[in-house]
Amino acid sequence: MLDIALIREKPDWVKEQIAKLYDEAALARIDKVLELDVERRAIRTKTETAQAARNSLNRSMGKLRGDKAMDDGEKAARAHAAACALQRQDFDAARALMDGSAPVKRDDSLQAGAAFDDLIAALRQIGDKIDDGFAKAKEIEIELEDNMLWIPNLPHHGVSVHESEESNKAHPPKGEFREFDFEPKPHWELGPALGIIDFERGVKLAGSRFFVLKGWGARLQRALISFFLDTARTKGFDEVYLPYLVYGDMLYGAAQFPKFQDTVYQLEGEDRFLVPTAEVAITNLHRDEILEEADLPLSYVAHTPCFRSEKASAGRDVRGIKRVHQFEKVEMYKFTTPETSYDELETMTGYAEDICAGLEIPFRRLEIVSGDLGFSASKKYDIEMWSPGCAEWLEVSSCSNTEAFQARRAMVRYYPAGSRKTQFVHTLNGSGLATPRVMIAIMENNQQADGSVLIPQVLRPYLGAEVISVS
RNA sequence: GGAGAGGUGGCCGAGUGGUUUAAGGCGAUGGUCUUGAAAACCAUUGUACGGUUUUCCGUACCGCAGGUUCGAAUCCUGUCCUCUCCGCCA
């Protein structure tokens with residue numbers, strides 16, 4: 001979520017930034033937000049002033065009722081006079097009459113009960129008005145909040161401005177492209193032939209876009225996960241094991257909701273969802289907490305399955321395991337100060353590249369342009385591995401700095417050193433890495449003419465094999 | 001899954017409808033005293049929003065959401081979580 005104060009103070013600048021995203025709907029929401037914000041503050045100020053008057057009158061009422069030193073005749077007189085003052089909207093006079101600080105003329109013809117009934121009726125009228133005010137304010141605030149939740153993050157000034165992913169800037173590839181003396185096969189042929197991927201049985205169990213890994217396939221995935229986790233751990237990330245189900249609020253906190261509501265699986269009749277990425281859980285680890293600057297940066301790494309319904313991608317990448325409903329991913333995540341977050345983004349992206357290099361698969365880094373940043377990133381790099389069988393670059397990692405966009409939603413703050421004024425942390429996420437596409441790249445890059453697959457050196461200790469061949 | 005008991009500030013804990021501050025303690029920070037420290041004493045103490053501007057003032061927050069009431073930490077309903085016991089279970 002953006003800072004409402006920023007939108008209020010620099011509306012034109014914010015709109016310029018949003019314009020870089022080529023998101024017309026978001027632009028319109030900024031105007032709506034500005035309008036609602038003015039309305040909201042006007043009604044709040046007015047209603048809160050009235051509430052202050054009522055609170056004070058009610059305290060005086062308590063005092064009048066409970067004053068044991070005052071006899072009933074005087075109480076009746078004061079109640080009556082205060083009710084009259086309230087009819088004239090003279091709150092100060094009413095308060096003074098009730099709390100005993102103003103003189104009152106006794107009138108013994110008054111019934112205490114009736115006088116108090118009048119006073120209560122007068123107070124109720126004030127209360128009704130306040131209730132209306134708060135109800136209206138709440139209505140406006142809900143609408144304001146809804147608009148804020150749909151506004152994407154602003155791009156970092158260093159991000160180049162283009163509309164679509166075709167303009168993403170690719171850095172020169174690293175690693176060696178292999179020259180094949182035969183036609184390289186796609187993984188959806190290699191996997192079943194080796195007996196390590198079983199598409200049919202995956203579909204039988206759970207439907208399309210589900211698959212089964214068997215034997216060396218299952219073990220290869222497990223080896224990759226261990227390798228990824230160990231690599232991140234040596235870079236200083238704390239390994240965490242997380243729930244694979246989270247509350248809806250966590251998805252709002254990580255800025256998945258409301259925009260991507262239909263990409264996640266929900267448990268029937270429950271406010272619980274299967275995580276689409278570990279990022280959702282880690283973002284909320286320190287939800288509603290105020291950290292100390294000395295604790296930052298906090299670096300976490302977690303392996304979780306990721307569940308994605310992929311409704312929006314129906315018909316795309318239907319062959320193989322490139323786009324599936326359930327896959328394994330190791331996620332790196334950092335909570336940092338605003339001053340260091342962009343340096344940390346470079347370092348973290350470097351770690352993702354190190355993993356690719358370690359696996360000896362050709363890869364490249366993409367600098368993502370403004371129009372392709374997605375909803376919550378201020379700046380983003382993708383890492384792609386080359387897959388000769390499908391003849392395409394496969395996205396195996398995505399590293400983003402969301403600045404305070406997620407932190408503001410999840411309320412993750414810190415005290416800067418020597419200060420007691422809270423600030424939002426910056427949060428960064430980066431895959432390191434996701435398994436299915438890495439397995440694709442390994443199979444397709446390392447396939448031999450006889451259909452066997454050589455295992456990268458770094459994985460051999462994890463897998464306990466140098467080659468996977470037809471058994 | 002069933003029954004019961006609970007949820008109050010950074011922590012412990014009092015508070016069962018009002019009589020202007022959520023008592024008290026611990027911790028933390030600052031100060032006095034001291035050669036220094038400890039002890040003692042004094043003071044301060046959260047978050048958000050709004051109005052002011054360098055100081056205040058107001059509103060909200062006692063798990064969360066509703067409700068009753070002139071007035072709710074306190075009463076009612078729902079919900080989440082924790083603990084105890086029972087059942088089931090890797």
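Chain letters run A, B, ... following the sequence lines, proteins first, then strands; residues in each count from 1. Predicted model, so just to flag it, every value in this text is computed and none were measured.
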Exceeds 12 heavy-atom contacts within 6.0 angstrom, atom CZ of A:Arg201: no
Sequence-aligned protein contact record of nucleotides 68-79 of chain B, with B where the base is within under 4.0 Å of a protein heavy atom and S where only the sugar-phosphate is: --BS--------
Listed once per pair and sorted, the salt bridge (Lys or Arg N to Asp or Glu O under 4.0 Å) pairs that draw on residues 304-314 of chain A, sequence neighbours left out: A:Glu310-A:Arg323
Summary of protein contacts for nucleotides 56-65 of chain B, nucleotide by nucleotide, where a base hit scores B, a sugar-phosphate-only hit scores S (4.0 Å, heavy atoms): --BSS-----
Sugar-phosphate only, base, or nothing, as touched by A:Arg8 at under 4.0 Å among non-hydrogen atoms: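 Contact class for A:Arg8: sugar-phosphate only.
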Residue closer to the 5' end of RNA chain B, A:Arg413 versus A:Arg272 (nearest nucleotide):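 It is A:Arg413 whose nearest nucleotide is closer to the 5' end.
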Sugar-phosphate only, base, or nothing, as touched by A:Tyr247 at under 4.0 Å among non-hydrogen atoms: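 Touches sugar-phosphate only.
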Of the listed nucleotides B:G46, B:G50, B:U19, the one nearest the side chain of A:Arg41: B:G50
Nearest heavy-atom neighbours spanning A:Ile7 and A:Val14: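 Closest pair (atom of A:Ile7, atom of A:Val14, distance): CA-CG2, 4.0 Å.
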Check: A:Ser378/A:Asn153 side-chain N/O donor and acceptor closer than 3.5 Å: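 Yes.
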Any donor-acceptor N or O pair under 3.5 Å, side chains A:Thr427, A:Gln406: yes
A:Phe199/A:Phe211 aromatic ring centres below 6.0 Å: no
Touch class at under 4.0 angstrom, heavy-atom based, for A:Thr47 against every strand present: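 Contact class for A:Thr47: none.
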A:Glu270 side chain to A:Tyr247 side chain, donor-acceptor N/O pair below 3.5 angstrom: no
A:His80 atom NE2, neighbour heavy-atom count above 12 within 6.0 Å: no
Under 4.0 angstrom between A:Ser60 side-chain N/O and B:U20 OP1 or OP2: no
